[in-house]
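A quick write-up on the structure given underneath.
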There are 2 protein chains.
Amino acid sequence: MIRVVVADDQELVRAGFGMILDAQPDIEVVAEAADGLQAIEAVAAHRPDVLLLDVRMPVMDGLEAARRVCVEYPDTKVLMLTTFDIDDYVYDALHAGASGFLLKDVRRDDLAHGVRLVAAGEALLAPSVTKRLISEFAARRPGASRRPHRLLDQLTAREQETLRLLARGLSNAEIAAELTVSEHTVKTHVSNLLSKLQLRDRVHAVVFAYEAGAVVAGEA
Amino acid sequence: MIRVVVADDQELVRAGFGMILDAQPDIEVVAEAADGLQAIEAVAAHRPDVLLLDVRMPVMDGLEAARRVCVEYPDTKVLMLTTFDIDDYVYDALHAGASGFLLKDVRRDDLAHGVRLVAAGEALLAPSVTKRLISEFAARRPGASRRPHRLLDQLTAREQETLRLLARGLSNAEIAAELTVSEHTVKTHVSNLLSKLQLRDRVHAVVFAYEAGAVVAGEA
DNA sequence: TCCCGCCTCCCCCTTGCGGCTGAGTCTCCC
DNA sequence: GGGAGACTCAGCCGCAAGGGGGAGGCGGGA
(Lines give C-alpha, C1' and ligand atoms only; values in the text may rest on other atoms or scores of the structure.)
Protein backbone atom coordinates (compact mmCIF):
# COMPACT_ATOMS: atom_id res chain seq x y z
CA MET A 1 0.00 0.00 0.00
CA ILE A 2 1.41 3.36 -1.05
CA ARG A 3 0.80 6.00 1.63
CA VAL A 4 0.34 9.57 0.36
CA VAL A 5 0.05 13.06 1.84
CA VAL A 6 -1.74 15.63 -0.32
CA ALA A 7 -0.75 19.29 0.13
CA ASP A 8 -2.65 22.08 -1.63
CA ASP A 9 -4.12 25.31 -0.36
CA GLN A 10 -7.36 24.77 -2.25
CA GLU A 11 -9.83 22.57 -0.43
CA LEU A 12 -11.43 21.35 -3.66
CA VAL A 13 -8.15 20.39 -5.29
CA ARG A 14 -7.13 18.41 -2.21
CA ALA A 15 -10.48 16.64 -2.18
CA GLY A 16 -10.29 15.88 -5.89
CA PHE A 17 -6.82 14.45 -5.87
CA GLY A 18 -7.53 12.64 -2.62
CA MET A 19 -10.58 10.96 -4.11
CA ILE A 20 -8.78 9.91 -7.26
CA LEU A 21 -5.97 8.38 -5.27
CA ASP A 22 -8.12 6.76 -2.61
CA ALA A 23 -10.07 5.09 -5.39
CA GLN A 24 -6.92 3.16 -6.28
CA PRO A 25 -6.67 -0.19 -4.54
CA ASP A 26 -2.99 0.22 -3.77
CA ILE A 27 -2.93 3.88 -2.73
CA GLU A 28 -4.03 5.42 0.55
CA VAL A 29 -4.19 9.12 1.42
CA VAL A 30 -3.09 9.36 5.04
CA ALA A 31 -3.23 13.14 5.51
CA GLU A 32 -3.91 16.47 3.87
CA ALA A 33 -2.19 19.84 4.29
CA ALA A 34 -3.18 23.37 3.30
CA ASP A 35 0.26 24.97 3.32
CA GLY A 36 3.94 24.12 3.33
CA LEU A 37 4.33 24.01 7.08
CA GLN A 38 1.36 21.72 7.50
CA ALA A 39 2.79 19.53 4.78
CA ILE A 40 6.07 19.15 6.64
CA GLU A 41 4.22 18.39 9.86
CA ALA A 42 2.10 15.81 8.10
CA VAL A 43 5.19 14.18 6.66
CA ALA A 44 6.83 14.16 10.09
CA ALA A 45 3.76 12.58 11.63
CA HIS A 46 2.91 9.99 9.00
CA ARG A 47 6.16 9.35 7.14
CA PRO A 48 4.30 8.78 3.85
CA ASP A 49 5.81 7.18 0.76
CA VAL A 50 4.81 10.12 -1.41
CA LEU A 51 4.11 13.79 -0.78
CA LEU A 52 1.92 15.40 -3.41
CA LEU A 53 2.87 19.06 -3.19
CA ASP A 54 1.41 22.15 -4.78
CA VAL A 55 3.92 24.86 -5.67
CA ARG A 56 1.93 27.93 -4.70
CA MET A 57 0.81 27.85 -1.11
CA PRO A 58 0.54 30.35 1.72
CA VAL A 59 2.80 30.43 4.81
CA MET A 60 5.51 28.36 3.13
CA ASP A 61 5.52 27.62 -0.59
CA GLY A 62 5.88 24.18 -2.04
CA LEU A 63 9.44 24.67 -3.21
CA GLU A 64 10.73 25.47 0.25
CA ALA A 65 8.67 22.62 1.70
CA ALA A 66 10.07 20.24 -0.92
CA ARG A 67 13.59 21.32 -0.05
CA ARG A 68 13.11 20.61 3.62
CA VAL A 69 11.29 17.33 3.17
CA CYS A 70 13.92 16.05 0.76
CA VAL A 71 16.63 16.81 3.30
CA GLU A 72 14.89 15.77 6.50
CA TYR A 73 12.75 12.87 5.27
CA PRO A 74 14.55 11.46 2.22
CA ASP A 75 12.38 8.32 2.32
CA THR A 76 9.38 10.43 1.38
CA LYS A 77 9.37 11.08 -2.36
CA VAL A 78 8.09 14.49 -3.43
CA LEU A 79 5.84 14.90 -6.45
CA MET A 80 5.22 18.53 -7.32
CA LEU A 81 2.00 19.78 -8.83
CA THR A 82 1.31 23.09 -10.44
CA THR A 83 -1.21 24.77 -12.67
CA PHE A 84 1.33 26.46 -14.90
CA ASP A 85 4.67 25.00 -15.81
CA ILE A 86 6.68 28.12 -15.10
CA ASP A 87 10.31 27.40 -15.79
CA ASP A 88 11.74 28.51 -12.53
CA TYR A 89 9.35 26.33 -10.62
CA VAL A 90 10.48 23.24 -12.46
CA TYR A 91 14.16 23.90 -12.11
CA ASP A 92 13.88 24.91 -8.50
CA ALA A 93 11.77 21.86 -7.72
CA LEU A 94 14.26 19.51 -9.34
CA HIS A 95 17.15 21.17 -7.58
CA ALA A 96 15.18 20.92 -4.38
CA GLY A 97 15.17 17.19 -4.85
CA ALA A 98 11.65 16.56 -6.08
CA SER A 99 11.14 13.25 -7.86
CA GLY A 100 8.60 14.58 -10.29
CA PHE A 101 6.70 17.50 -11.63
CA LEU A 102 3.15 17.27 -12.95
CA LEU A 103 0.61 19.76 -14.20
CA LYS A 104 -2.78 19.81 -12.55
CA ASP A 105 -4.52 19.02 -15.80
CA VAL A 106 -3.11 15.53 -15.51
CA ARG A 107 -5.48 12.67 -16.33
CA ARG A 108 -6.59 10.70 -13.30
CA ASP A 109 -4.92 7.44 -14.27
CA ASP A 110 -1.73 9.33 -15.10
CA LEU A 111 -1.79 10.78 -11.61
CA ALA A 112 -2.12 7.36 -10.00
CA HIS A 113 0.51 6.02 -12.35
CA GLY A 114 2.80 8.88 -11.40
CA VAL A 115 2.39 8.26 -7.71
CA ARG A 116 3.26 4.61 -8.21
CA LEU A 117 6.33 5.50 -10.27
CA VAL A 118 7.59 8.00 -7.75
CA ALA A 119 6.95 5.63 -4.88
CA ALA A 120 9.00 3.04 -6.74
CA GLY A 121 11.91 5.45 -6.81
CA GLU A 122 11.51 6.49 -10.43
CA ALA A 123 11.10 10.01 -11.71
CA LEU A 124 8.31 11.59 -13.62
CA LEU A 125 7.79 14.79 -15.52
CA ALA A 126 4.84 16.27 -17.35
CA PRO A 127 5.41 15.98 -21.11
CA SER A 128 5.83 19.71 -21.67
CA VAL A 129 8.31 19.83 -18.82
CA THR A 130 10.24 16.90 -20.23
CA LYS A 131 10.44 18.72 -23.50
CA ARG A 132 11.96 21.81 -22.00
CA LEU A 133 14.31 19.88 -19.79
CA ILE A 134 15.59 17.97 -22.81
CA SER A 135 16.13 21.04 -24.92
CA GLU A 136 17.82 22.77 -22.02
CA PHE A 137 19.97 19.72 -21.54
CA ALA A 138 20.78 19.27 -25.20
CA ALA A 139 21.61 22.94 -25.67
CA ARG A 140 23.90 23.29 -22.76
CA ARG A 141 26.74 21.12 -23.94
CA PRO A 142 26.43 20.71 -27.67
CA GLY A 143 28.09 17.41 -28.43
CA ALA A 144 29.85 17.32 -25.13
CA SER A 145 30.27 13.59 -25.27
CA ARG A 146 32.27 13.68 -28.47
CA ARG A 147 35.09 16.21 -28.67
CA PRO A 148 37.13 17.97 -25.99
CA HIS A 149 37.85 20.75 -28.50
CA ARG A 150 40.71 21.01 -30.94
CA LEU A 151 41.53 24.64 -30.26
CA LEU A 152 42.52 23.84 -26.70
CA ASP A 153 45.10 21.41 -27.99
CA GLN A 154 46.95 24.32 -29.58
CA LEU A 155 47.73 25.63 -26.12
CA THR A 156 50.73 24.47 -24.14
CA ALA A 157 50.16 22.87 -20.75
CA ARG A 158 50.99 26.08 -18.94
CA GLU A 159 48.70 28.09 -21.16
CA GLN A 160 45.81 25.72 -20.58
CA GLU A 161 46.40 25.95 -16.85
CA THR A 162 46.50 29.72 -17.09
CA LEU A 163 43.27 29.73 -19.06
CA ARG A 164 41.58 27.54 -16.47
CA LEU A 165 42.48 29.92 -13.65
CA LEU A 166 41.76 32.99 -15.75
CA ALA A 167 38.31 31.60 -16.51
CA ARG A 168 37.66 31.31 -12.78
CA GLY A 169 38.08 35.05 -12.50
CA LEU A 170 41.61 35.20 -11.13
CA SER A 171 43.72 38.27 -11.88
CA ASN A 172 47.18 37.94 -13.35
CA ALA A 173 48.70 38.48 -9.92
CA GLU A 174 46.50 35.77 -8.42
CA ILE A 175 47.32 33.36 -11.21
CA ALA A 176 51.00 34.12 -10.66
CA ALA A 177 50.63 33.28 -6.99
CA GLU A 178 48.72 30.12 -7.81
CA LEU A 179 51.35 28.95 -10.28
CA THR A 180 54.22 30.35 -8.20
CA VAL A 181 55.68 32.32 -11.05
CA SER A 182 56.04 36.04 -11.63
CA GLU A 183 53.19 38.15 -12.91
CA HIS A 184 55.27 38.88 -16.01
CA THR A 185 55.23 35.20 -16.89
CA VAL A 186 51.51 35.02 -16.44
CA LYS A 187 51.11 37.99 -18.73
CA THR A 188 53.15 36.20 -21.35
CA HIS A 189 51.01 33.09 -21.08
CA VAL A 190 47.82 35.11 -21.24
CA SER A 191 49.10 37.08 -24.17
CA ASN A 192 50.06 33.92 -26.03
CA LEU A 193 46.82 32.09 -25.40
CA LEU A 194 44.81 35.10 -26.42
CA SER A 195 46.57 35.35 -29.75
CA LYS A 196 46.47 31.59 -30.32
CA LEU A 197 42.74 31.50 -29.74
CA GLN A 198 42.26 34.83 -31.50
CA LEU A 199 40.57 36.35 -28.48
CA ARG A 200 40.55 40.06 -27.73
CA ASP A 201 40.96 40.10 -23.99
CA ARG A 202 40.55 38.00 -20.87
CA VAL A 203 36.82 38.60 -20.83
CA HIS A 204 36.54 36.91 -24.22
CA ALA A 205 38.75 34.16 -22.88
CA VAL A 206 36.28 33.50 -20.05
CA VAL A 207 33.39 33.39 -22.50
CA PHE A 208 35.37 31.05 -24.73
CA ALA A 209 36.23 28.77 -21.84
CA TYR A 210 32.57 28.33 -20.95
CA GLU A 211 31.32 28.03 -24.50
CA ALA A 212 34.02 25.54 -25.39
CA GLY A 213 33.37 23.50 -22.29
CA ALA A 214 36.90 24.02 -21.04
CA VAL A 215 35.19 25.19 -17.89
CA VAL A 216 31.83 23.84 -16.80
CA ALA A 217 29.36 25.84 -14.76
CA GLY A 218 28.94 24.40 -11.30
CA GLU A 219 32.39 22.85 -11.08
CA ALA A 220 34.10 25.77 -9.42
CA MET B 1 -4.13 9.89 -38.23
CA ILE B 2 -0.57 9.63 -36.91
CA ARG B 3 1.73 8.07 -39.51
CA VAL B 4 4.63 6.04 -38.14
CA VAL B 5 7.76 4.34 -39.47
CA VAL B 6 9.14 1.51 -37.35
CA ALA B 7 12.87 0.82 -37.56
CA ASP B 8 14.42 -2.17 -35.82
CA ASP B 9 16.79 -4.84 -37.06
CA GLN B 10 14.79 -7.63 -35.45
CA GLU B 11 11.88 -8.80 -37.55
CA LEU B 12 9.86 -9.89 -34.53
CA VAL B 13 10.28 -6.61 -32.71
CA ARG B 14 9.15 -4.66 -35.77
CA ALA B 15 6.15 -6.88 -36.14
CA GLY B 16 5.27 -6.59 -32.47
CA PHE B 17 5.47 -2.84 -32.29
CA GLY B 18 3.78 -2.54 -35.65
CA MET B 19 0.86 -4.63 -34.47
CA ILE B 20 0.44 -2.72 -31.25
CA LEU B 21 0.44 0.60 -33.08
CA ASP B 22 -1.75 -0.50 -35.97
CA ALA B 23 -4.29 -1.67 -33.43
CA GLN B 24 -4.74 1.96 -32.39
CA PRO B 25 -7.52 3.72 -34.26
CA ASP B 26 -5.50 6.90 -34.72
CA ILE B 27 -2.10 5.42 -35.58
CA GLU B 28 -0.96 3.91 -38.85
CA VAL B 29 2.36 2.21 -39.57
CA VAL B 30 3.33 3.29 -43.08
CA ALA B 31 6.69 1.56 -43.39
CA GLU B 32 9.27 -0.59 -41.66
CA ALA B 33 13.05 -0.50 -41.79
CA ALA B 34 15.74 -2.96 -40.73
CA ASP B 35 18.66 -0.56 -40.40
CA GLY B 36 19.50 3.11 -40.17
CA LEU B 37 19.83 3.70 -43.88
CA GLN B 38 16.52 2.05 -44.64
CA ALA B 39 14.99 4.15 -41.89
CA ILE B 40 16.19 7.36 -43.52
CA GLU B 41 14.95 6.20 -46.90
CA ALA B 42 11.58 5.32 -45.43
CA VAL B 43 11.34 8.74 -43.82
CA ALA B 44 12.28 10.39 -47.10
CA ALA B 45 9.66 8.39 -48.96
CA HIS B 46 6.76 8.63 -46.52
CA ARG B 47 7.46 11.73 -44.42
CA PRO B 48 5.89 10.15 -41.34
CA ASP B 49 4.90 12.03 -38.19
CA VAL B 50 6.94 9.74 -35.99
CA LEU B 51 9.98 7.55 -36.51
CA LEU B 52 10.30 4.74 -33.99
CA LEU B 53 14.00 4.02 -33.98
CA ASP B 54 16.04 1.28 -32.37
CA VAL B 55 19.50 2.30 -31.16
CA ARG B 56 21.45 -0.78 -32.14
CA MET B 57 21.15 -1.55 -35.80
CA PRO B 58 23.49 -2.74 -38.55
CA VAL B 59 24.77 -0.57 -41.43
CA MET B 60 23.95 2.67 -39.65
CA ASP B 61 23.02 2.80 -35.99
CA GLY B 62 19.98 4.56 -34.65
CA LEU B 63 21.86 7.50 -33.20
CA GLU B 64 23.39 8.50 -36.50
CA ALA B 65 20.06 7.96 -38.23
CA ALA B 66 18.34 10.12 -35.62
CA ARG B 67 20.89 12.85 -36.14
CA ARG B 68 20.30 12.93 -39.88
CA VAL B 69 16.55 12.69 -39.72
CA CYS B 70 16.34 15.48 -37.18
CA VAL B 71 18.37 17.73 -39.45
CA GLU B 72 16.90 16.79 -42.82
CA TYR B 73 13.30 16.06 -41.88
CA PRO B 74 12.58 18.13 -38.79
CA ASP B 75 8.85 17.53 -39.17
CA THR B 76 9.38 13.87 -38.40
CA LYS B 77 9.71 13.37 -34.66
CA VAL B 78 12.12 10.69 -33.52
CA LEU B 79 11.29 8.34 -30.68
CA MET B 80 14.23 6.17 -29.70
CA LEU B 81 13.85 2.64 -28.41
CA THR B 82 16.41 0.50 -26.69
CA THR B 83 16.68 -2.62 -24.59
CA PHE B 84 19.11 -1.17 -22.10
CA ASP B 85 19.17 2.43 -20.99
CA ILE B 86 22.89 2.94 -21.40
CA ASP B 87 23.74 6.50 -20.46
CA ASP B 88 25.60 7.50 -23.56
CA TYR B 89 22.78 6.35 -25.78
CA VAL B 90 20.37 8.61 -23.99
CA TYR B 91 22.58 11.67 -24.00
CA ASP B 92 23.66 11.19 -27.60
CA ALA B 93 20.06 10.63 -28.66
CA LEU B 94 18.91 13.80 -26.95
CA HIS B 95 21.77 15.76 -28.42
CA ALA B 96 20.91 14.27 -31.78
CA GLY B 97 17.50 15.84 -31.45
CA ALA B 98 15.34 12.88 -30.52
CA SER B 99 12.01 13.75 -28.94
CA GLY B 100 11.92 10.79 -26.66
CA PHE B 101 13.61 7.70 -25.33
CA LEU B 102 11.78 4.57 -24.32
CA LEU B 103 12.83 1.12 -23.15
CA LYS B 104 11.54 -1.86 -25.05
CA ASP B 105 9.84 -3.25 -21.98
CA VAL B 106 7.32 -0.44 -22.32
CA ARG B 107 3.67 -1.41 -21.84
CA ARG B 108 1.64 -1.42 -25.03
CA ASP B 109 -0.63 1.46 -24.09
CA ASP B 110 2.35 3.48 -22.93
CA LEU B 111 3.92 2.98 -26.34
CA ALA B 112 0.83 4.24 -28.12
CA HIS B 113 0.57 7.09 -25.65
CA GLY B 114 4.21 7.94 -26.27
CA VAL B 115 3.75 8.03 -30.01
CA ARG B 116 0.81 10.40 -29.62
CA LEU B 117 2.76 12.66 -27.28
CA VAL B 118 5.76 12.84 -29.57
CA ALA B 119 3.56 13.44 -32.60
CA ALA B 120 1.99 16.31 -30.69
CA GLY B 121 5.42 17.89 -30.28
CA GLU B 122 5.89 16.92 -26.68
CA ALA B 123 8.77 14.93 -25.28
CA LEU B 124 8.84 11.63 -23.52
CA LEU B 125 11.36 9.67 -21.52
CA ALA B 126 11.27 6.29 -19.89
CA PRO B 127 10.95 6.74 -16.10
CA SER B 128 14.41 5.44 -15.33
CA VAL B 129 15.83 7.76 -17.98
CA THR B 130 13.93 10.70 -16.57
CA LYS B 131 15.39 9.93 -13.20
CA ARG B 132 18.94 10.01 -14.43
CA LEU B 133 18.38 13.10 -16.51
CA ILE B 134 17.00 14.92 -13.51
CA SER B 135 19.81 13.94 -11.22
CA GLU B 136 22.31 14.88 -13.92
CA PHE B 137 20.55 18.18 -14.34
CA ALA B 138 20.25 18.90 -10.64
CA ALA B 139 23.87 17.98 -9.99
CA ARG B 140 25.30 20.12 -12.71
CA ARG B 141 24.24 23.44 -11.31
CA PRO B 142 23.47 22.97 -7.63
CA GLY B 143 20.73 25.41 -6.84
CA ALA B 144 21.64 27.46 -9.85
CA SER B 145 18.25 28.68 -10.85
CA ARG B 146 16.97 29.87 -7.53
CA ARG B 147 19.54 31.80 -5.57
CA PRO B 148 21.03 33.72 -8.48
CA HIS B 149 17.62 34.69 -9.72
CA ARG B 150 17.10 36.32 -6.40
CA LEU B 151 20.33 38.19 -6.91
CA LEU B 152 19.46 39.07 -10.48
CA ASP B 153 16.19 40.52 -9.26
CA GLN B 154 18.19 43.08 -7.32
CA LEU B 155 19.37 44.51 -10.60
CA THR B 156 17.37 47.09 -12.50
CA ALA B 157 16.26 46.28 -16.03
CA ARG B 158 19.08 48.29 -17.52
CA GLU B 159 21.64 46.64 -15.29
CA GLN B 160 20.44 43.18 -16.24
CA GLU B 161 20.65 44.11 -19.88
CA THR B 162 24.14 45.45 -19.34
CA LEU B 163 25.16 42.25 -17.57
CA ARG B 164 23.84 40.15 -20.42
CA LEU B 165 25.91 42.03 -22.99
CA LEU B 166 28.91 42.23 -20.72
CA ALA B 167 28.77 38.45 -20.27
CA ARG B 168 28.95 38.06 -24.04
CA GLY B 169 32.32 39.76 -23.98
CA LEU B 170 31.32 43.24 -25.12
CA SER B 171 33.43 46.21 -23.98
CA ASN B 172 31.80 49.19 -22.34
CA ALA B 173 31.96 51.09 -25.62
CA GLU B 174 30.28 48.24 -27.48
CA ILE B 175 27.59 47.93 -24.85
CA ALA B 176 27.04 51.67 -25.10
CA ALA B 177 26.59 51.37 -28.86
CA GLU B 178 24.26 48.43 -28.40
CA LEU B 179 22.11 50.28 -25.88
CA THR B 180 22.53 53.63 -27.67
CA VAL B 181 23.69 55.44 -24.55
CA SER B 182 27.02 56.99 -23.65
CA GLU B 183 29.88 54.93 -22.39
CA HIS B 184 29.69 56.86 -19.13
CA THR B 185 26.23 55.49 -18.55
CA VAL B 186 27.37 51.98 -19.22
CA LYS B 187 30.17 52.43 -16.74
CA THR B 188 27.66 53.53 -14.16
CA HIS B 189 25.50 50.46 -14.81
CA VAL B 190 28.48 48.16 -14.68
CA SER B 191 29.73 49.78 -11.53
CA ASN B 192 26.35 49.45 -9.89
CA LEU B 193 25.76 45.85 -10.87
CA LEU B 194 29.24 44.89 -9.72
CA SER B 195 28.66 46.35 -6.28
CA LYS B 196 25.15 44.93 -6.03
CA LEU B 197 26.37 41.45 -6.87
CA GLN B 198 29.54 41.96 -4.85
CA LEU B 199 31.74 41.17 -7.82
CA ARG B 200 35.25 42.50 -8.25
CA ASP B 201 35.37 43.23 -11.94
CA ARG B 202 33.73 42.38 -15.25
CA VAL B 203 35.59 39.10 -15.46
CA HIS B 204 33.91 37.95 -12.27
CA ALA B 205 30.66 39.20 -13.71
CA VAL B 206 31.07 36.92 -16.71
CA VAL B 207 31.84 33.97 -14.47
CA PHE B 208 28.84 34.83 -12.32
CA ALA B 209 26.58 35.06 -15.35
CA TYR B 210 27.52 31.58 -16.49
CA GLU B 211 27.48 30.01 -13.05
CA ALA B 212 24.14 31.58 -12.26
CA GLY B 213 22.65 30.54 -15.55
CA ALA B 214 21.95 34.14 -16.48
CA VAL B 215 23.82 33.23 -19.62
CA VAL B 216 23.79 29.72 -20.99
CA ALA B 217 26.64 28.23 -22.95
CA GLY B 218 25.63 27.59 -26.54
CA GLU B 219 23.12 30.40 -26.77
CA ALA B 220 25.48 33.01 -28.07
C1' DT C 1 3.89 67.89 -2.32
C1' DC C 2 8.27 65.87 -1.61
C1' DC C 3 11.27 62.03 -1.73
C1' DC C 4 13.30 58.16 -3.75
C1' DG C 5 14.81 55.09 -7.33
C1' DC C 6 16.14 54.70 -12.04
C1' DC C 7 18.43 56.34 -16.04
C1' DT C 8 21.35 59.43 -17.96
C1' DC C 9 25.70 62.19 -18.32
C1' DC C 10 30.29 64.30 -16.80
C1' DC C 11 35.21 64.87 -14.55
C1' DC C 12 39.31 63.08 -12.12
C1' DC C 13 42.21 59.47 -10.73
C1' DT C 14 44.39 54.81 -10.00
C1' DT C 15 44.89 50.33 -11.41
C1' DG C 16 45.08 46.30 -14.19
C1' DC C 17 45.53 44.69 -18.64
C1' DG C 18 47.66 43.68 -22.90
C1' DG C 19 50.96 44.78 -26.87
C1' DC C 20 55.76 45.25 -27.96
C1' DT C 21 60.57 44.06 -27.63
C1' DG C 22 64.11 41.44 -25.70
C1' DA C 23 66.35 37.70 -23.29
C1' DG C 24 67.90 33.64 -20.35
C1' DT C 25 67.20 28.54 -19.29
C1' DC C 26 65.68 24.00 -20.18
C1' DT C 27 64.53 19.81 -22.90
C1' DC C 28 63.86 17.38 -26.98
C1' DC C 29 65.32 16.11 -31.33
C1' DC C 30 67.76 16.26 -35.72
C1' DG D 1 76.35 20.98 -31.98
C1' DG D 2 72.56 23.52 -33.18
C1' DG D 3 67.74 24.62 -33.75
C1' DA D 4 62.94 24.64 -32.04
C1' DG D 5 59.74 25.20 -28.63
C1' DA D 6 58.30 25.78 -23.86
C1' DC D 7 58.78 28.32 -19.69
C1' DT D 8 60.56 31.98 -17.33
C1' DC D 9 61.42 37.05 -16.49
C1' DA D 10 61.83 42.19 -17.59
C1' DG D 11 60.72 47.15 -18.99
C1' DC D 12 57.84 50.42 -21.49
C1' DC D 13 53.62 52.27 -23.06
C1' DG D 14 48.79 53.10 -24.20
C1' DC D 15 44.23 52.17 -22.96
C1' DA D 16 40.12 50.23 -20.92
C1' DA D 17 38.24 49.61 -16.61
C1' DG D 18 36.43 50.85 -12.30
C1' DG D 19 36.06 53.94 -8.00
C1' DG D 20 34.71 58.54 -6.28
C1' DG D 21 32.06 62.40 -6.61
C1' DG D 22 28.46 65.28 -8.64
C1' DA D 23 24.19 66.33 -11.22
C1' DG D 24 19.81 66.69 -13.93
C1' DG D 25 15.29 64.65 -15.64
C1' DC D 26 11.52 61.64 -14.72
C1' DG D 27 8.38 58.57 -12.74
C1' DG D 28 5.90 56.51 -8.79
C1' DG D 29 4.73 56.24 -3.99
C1' DA D 30 4.23 58.31 0.89
Side-chain angles (χ1 to χ4, degrees), chain A residues 88 148-212 214-215 217 220, chain B residues 147-212 214-215 217 220:
Chain A
D88 290 353
H149 228 275
R150 286 182 294 270
L151 285 174
L152 286 181
D153 294 343
Q154 297 178 6
L155 302 183
T156 69
R158 218 47 168 167
E159 287 164 355
Q160 290 188 28
E161 213 166 349
T162 304
L163 175 59
R164 222 191 63 245
L165 297 172
L166 186 158
R168 286 284 165 224
L170 276 66
S171 69
N172 288 340
E174 288 166 341
I175 296 174
E178 190 73 23
L179 299 181
T180 49
V181 296
S182 83
E183 190 177 338
H184 290 285
T185 304
V186 174
K187 282 186 160 191
T188 305
H189 291 322
V190 171
S191 201
N192 288 336
L193 72 88
L194 287 181
S195 79
K196 279 187 186 177
L197 299 177
Q198 300 186 46
L199 300 170
R200 191 173 61 189
D201 52 33
R202 66 198 302 110
V203 177
H204 279 197
V206 176
V207 173
F208 168 86
Y210 275 97
E211 295 292 336
V215 170
Chain B
R147 182 171 30 75
H149 274 77
R150 285 278 165 77
L151 286 175
L152 285 181
D153 290 344
Q154 296 178 7
L155 302 182
T156 69
R158 218 50 167 162
E159 287 162 357
Q160 291 187 27
E161 214 165 347
T162 304
L163 175 60
R164 222 190 62 245
L165 297 172
L166 186 157
R168 286 283 166 227
L170 276 66
S171 68
N172 288 340
E174 288 166 341
I175 296 174
E178 190 73 22
L179 299 180
T180 51
V181 296
S182 83
E183 189 178 338
H184 291 285
T185 305
V186 174
K187 280 187 160 193
T188 306
H189 291 322
V190 171
S191 202
N192 288 337
L193 74 86
L194 288 180
S195 79
K196 279 187 185 176
L197 299 177
Q198 300 185 49
L199 301 169
R200 191 173 61 189
D201 52 34
R202 68 200 298 108
V203 178
H204 279 197
V206 176
V207 173
F208 168 86
Y210 275 97
E211 294 292 337
V215 169

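Chain letters run A, B, ... following the sequence lines, proteins first and then strands; every chain starts at 1. Computation of the quantities below employed the complete heavy-atom set of this structure, encompassing side-chain atoms and omitting hydrogens, waters and symmetry-equivalent molecules.
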**Message:** Can you measure B:Glu183 atom CD to D:dG18 atom C1' for me and round it to whole angstrom units?
**Reply:** 12 Å
**Fill in**
Which of C:dC7, D:dA17, C:dC17 is nearest the side chain of B:Arg202? It is D:dA17
**Which residue lies more 5' along DNA chain D, comparing A:Asn192 with A:Lys187 via nearest heavy atoms** = A:Asn192
**Request:** Go through the steps to decide whether A:Thr185 and A:Ser182 satisfy the test side-chain hydrogen bond (donor to acceptor under 3.5 Å, both in side chains), and finish with yes or no.
**Result:** CA-CA 5 Å; A:Thr185 304; A:Ser182 83; 3.2 Å; yes
**Asked** Please give, in whole Å, the distance from D:dA16 P to B:Leu194 CG?
**Response** 18 Å
**Prompt:** What distance do A:Leu155 atom CG and A:Asn192 atom CG have between them, rounded to the nearest 0.5 Å?
**Reply:** 9.5 Å
**Request:** Tell me which nucleotide among D:dA17, C:dG19, D:dT8 gets nearest to the side chain of A:Ser191.
**Result:** C:dG19
**Message:** Does C:dC6 have its OP1 or OP2 closer than 4.0 Å to a side-chain nitrogen or oxygen of B:Thr156?
**Reply:** no
**Residue whose closest nucleotide on DNA chain C lies nearer the 5' end, A:Leu170 versus B:Thr188** = B:Thr188
**Prompt:** Do the non-hydrogen side-chain atoms of A:Arg202 and A:Asn172 ever get within less than 4.5 Å of each other?
**Reply:** yes
**Asked** Tell me: CD1 of B:Ile175 to P of D:dA16, nearest whole Å?
**Response** 14 Å
**Prompt:** Where the side chain of B:Asp201 is concerned, which of D:dG18, D:dC9, C:dG18 is the nearest nucleotide?
**Reply:** D:dG18
